[in-house]
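Structure record follows, encoded as structure tokens.
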Amino acid sequence: MTQKLHPALIGFTVLVFIFLIGPLIIVVGSALSDTTHLTFPPQGLSLRWFANIFEIAAFRRTIITSLQIAFLSTFIALLIGIPAAYALNRYRIQLPGWLATLFVLPVLVPELVLGFALLKNVAVQFNTPIFLTLVFGHSLLVLPYVVRVISASLASFDFSVEEAAISLGAPPLRTFFTILLPNVRSGVIAAFILAFITSINDVSISIFLTGPGISTLPIQLLAHMEQFFDPTVASVSVLLMVLTVGVMAIVERTLGLTFLAK
Amino acid sequence: MKRFSGWTLASPATLLVVVFLVLPVVATIVTTFMTPNGPLAPYLGFFGSGFRRTVLWRTIQVSFIVTAIALVIGFITAFVISRAPGWLKSILIIAAVFPLLTGVVVRSFAWLIILGKNGILNNFLVSTGLIGEPLTMLYTQGSVIVAMVYLFVPLMILTLVGVLESIPEDLIQASSSLGAKPWATFTQVILPLAVPGLIVGAVLVFTGSFTSYATPQLLGGEQVMMMGTLMYQQAMVTFDWVAASTIAAVMVVFTIAIVLVMTRVARRLNPMAV
């Protein structure tokens, strides 16, 4: 039988979860307020601040840019991350040990440093377009997630099935698409969705690679907050939270959210 | 038909990391040693300036406090979660993952509404008559610490739940049936087994706080400058790229040193390792 938890511990945990969720409820409440300034509890319910998001051109533009960057960088990360994760699992002995470390470097190196280095030594040095630099920066940022999630789903894959397909004459690419990919499908979906949300939320890399010409949603939010203190930011935040709920639902369906606690 | 070799499959990802991360970051650090005023001039400048030393010291202090608070809150909460019945455990994990997947801007913004001059906390305290005048809570070290604790507690909880769950229930029962009081079971069985997880969590939170940008920017502003906000200011406001690169180098060295030292400590302290 499980030992009974002390009531003080349970009380403490309740307080912690109020601390964790409370501020987000406050944001939702402020977004629904009918006033021109941020208040909580909301005074008069209204959805006009949600409509206001799309009336501001900078928000319309940056939402599209953020979505484009998130899709492109996640796609690139999957395209190169899936083969890399496969190689790390299948050819562990042939590949040097530092290779796995190389793929976690984007988590190890401070994001701010990566953003600044990309600005200084790529965008300015080689005059690469900012949009493209952002896409590659974000691909790097999400690569570790892709490699980790795909590796986790490959861990339970029986490589002898693939061996069988090849010895029966299936060409490598066909083996990949008909044998391997269907087996790691849930991993691919989870990796996609985690990479996507990480890219959408990124501040530290994007802050160096945005300016008057191009910006992403979080950076635009920061800029808006410095000038106005109206509920628009709260309503954008709610949109982002809705996206988060969607992401969690998909991860739960595919890998199970407890995967994130491992 | 020939099969792809391991290297062929891993090379595009390797290329991306080398070209867009390793080379630019190494180049950024190398340039700080090649200034016309001598190889160490930027570092002498950095550590010679009282203001920058203050920023570095404040950043270390804030990161340390945030890590300590997150460790305590995270450990207790994760312990309760790990002993909760299945359905409750899933709900609590979901409640911890949700803030984690919500962006840093949204989560810092929440504290802007709470701690502002006309914020919720001030309104509440004034209306209850506890204080006469609204307090200045924003742009203080305290507001940065609160928001950062908020930012990192979910990460700590999720890191520790996995570790605490892997401690076999039998072990805890054995200890209590052999006569150990709950406190002794906690300090002599659970805590030592959780040390590797605590170290991983502490490293994540400390390095995350040390290199953060959005939270100190929004809740600390100019008054509570930290390494991240200072680096941004040097790079994008005053355009002193040598100074910004120097801060970048200090950050990288600091982060990697902490990771290396702590993983070594974790390995030594792990009671499961033989």
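Here is how names work: the chains are called A, B, and so on, in the same order as the sequence lines, proteins then strands, and each is numbered from 1.
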Pair B:Phe20-A:Asn121, side-chain contact (heavy atoms from CB on, under 4.5 Å): steps then yes or no: CA-CA 9 Å; B:Phe20 286 96; A:Asn121 294 321; over 6 Å; no

Side chain from CB out, backbone as N, CA, C, O: work out which of these in [X] comes under 4.5 Å of a heavy atom of chain A, or both, or neither.
X	result
B:Leu15	neither
B:Leu21	both
B:Val153	side chain
B:Ile73	both
B:Met236	side chain
B:Val26	neither
B:Leu160	neither

B:Phe109 atom CZ, neighbour heavy-atom count above 12 within 6.0 Å: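 Check passes, neighbour count above 12.
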
Taking C-beta and beyond as the side chain, do [X] and [Y] meet within less than 4.5 Å on heavy atoms?
X	Y	answer
B:Phe79	A:Thr13	no
B:Thr31	A:Lys120	yes
A:Val109	B:Thr255	no
A:Val238	B:Val106	no
B:Met227	A:Leu112	no
B:Ile114	A:Ile26	yes
B:Trp241	A:Val124	yes
B:Thr211	A:Glu111	no

At a heavy-atom distance under 4.5 Å, which candidate from [options] has the highest pair count against chain B?
options	answer
A:Leu118, A:Val236, A:Ile219	A:Leu118
A:Leu88, A:Thr198, A:Leu119	A:Leu119
A:Leu140, A:Leu222, A:Val16, A:Leu221	A:Leu140
A:Val122, A:Leu24, A:Val245	A:Leu24

Spacing of A:Leu9 atom CG and B:Thr77 atom OG1 [to the nearest 0.5 Å]: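 It is 9.5 Å, given to the nearest 0.5 Å.
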
From CD1 (B:Ile76) to NE2 (A:His6), nearest 0.5 Å: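 So the CD1 of B:Ile76 and the NE2 of A:His6 are separated by 12.0 Å.
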
Intermediate values then yes/no, side-chain contact (heavy atoms from CB on, under 4.5 Å), B:Ile157 and A:Leu20: CA-CA 11 Å; B:Ile157 293 177; A:Leu20 287 182; 4.0 Å; yes

Non-neighbouring partners of B:Ile91 that pass side chain to side chain contact (heavy atoms under 4.5 Å, CB included), sequence neighbours left out: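 Checked B:Ile91 against side chain to side chain contact (heavy atoms under 4.5 Å, CB included); matches are B:Trp87.
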
Greatest number of heavy atom pairs closer than 4.5 Å to chain A - which of B:Ala13, B:Pro12, B:Ala10, B:Ser11: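 Ranked by heavy-atom pairs under 4.5 Å with chain A, first place is B:Ala13.
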
Near-ring test B:Tyr232/A:Phe116, centroid separation under 6.0 angstrom: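 So the answer is no for these two rings.
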
Which atoms of A:Val247 approach chain B - backbone, side chain, both or neither, heavy atom under 4.5 Å: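 The side chain, not the backbone.
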
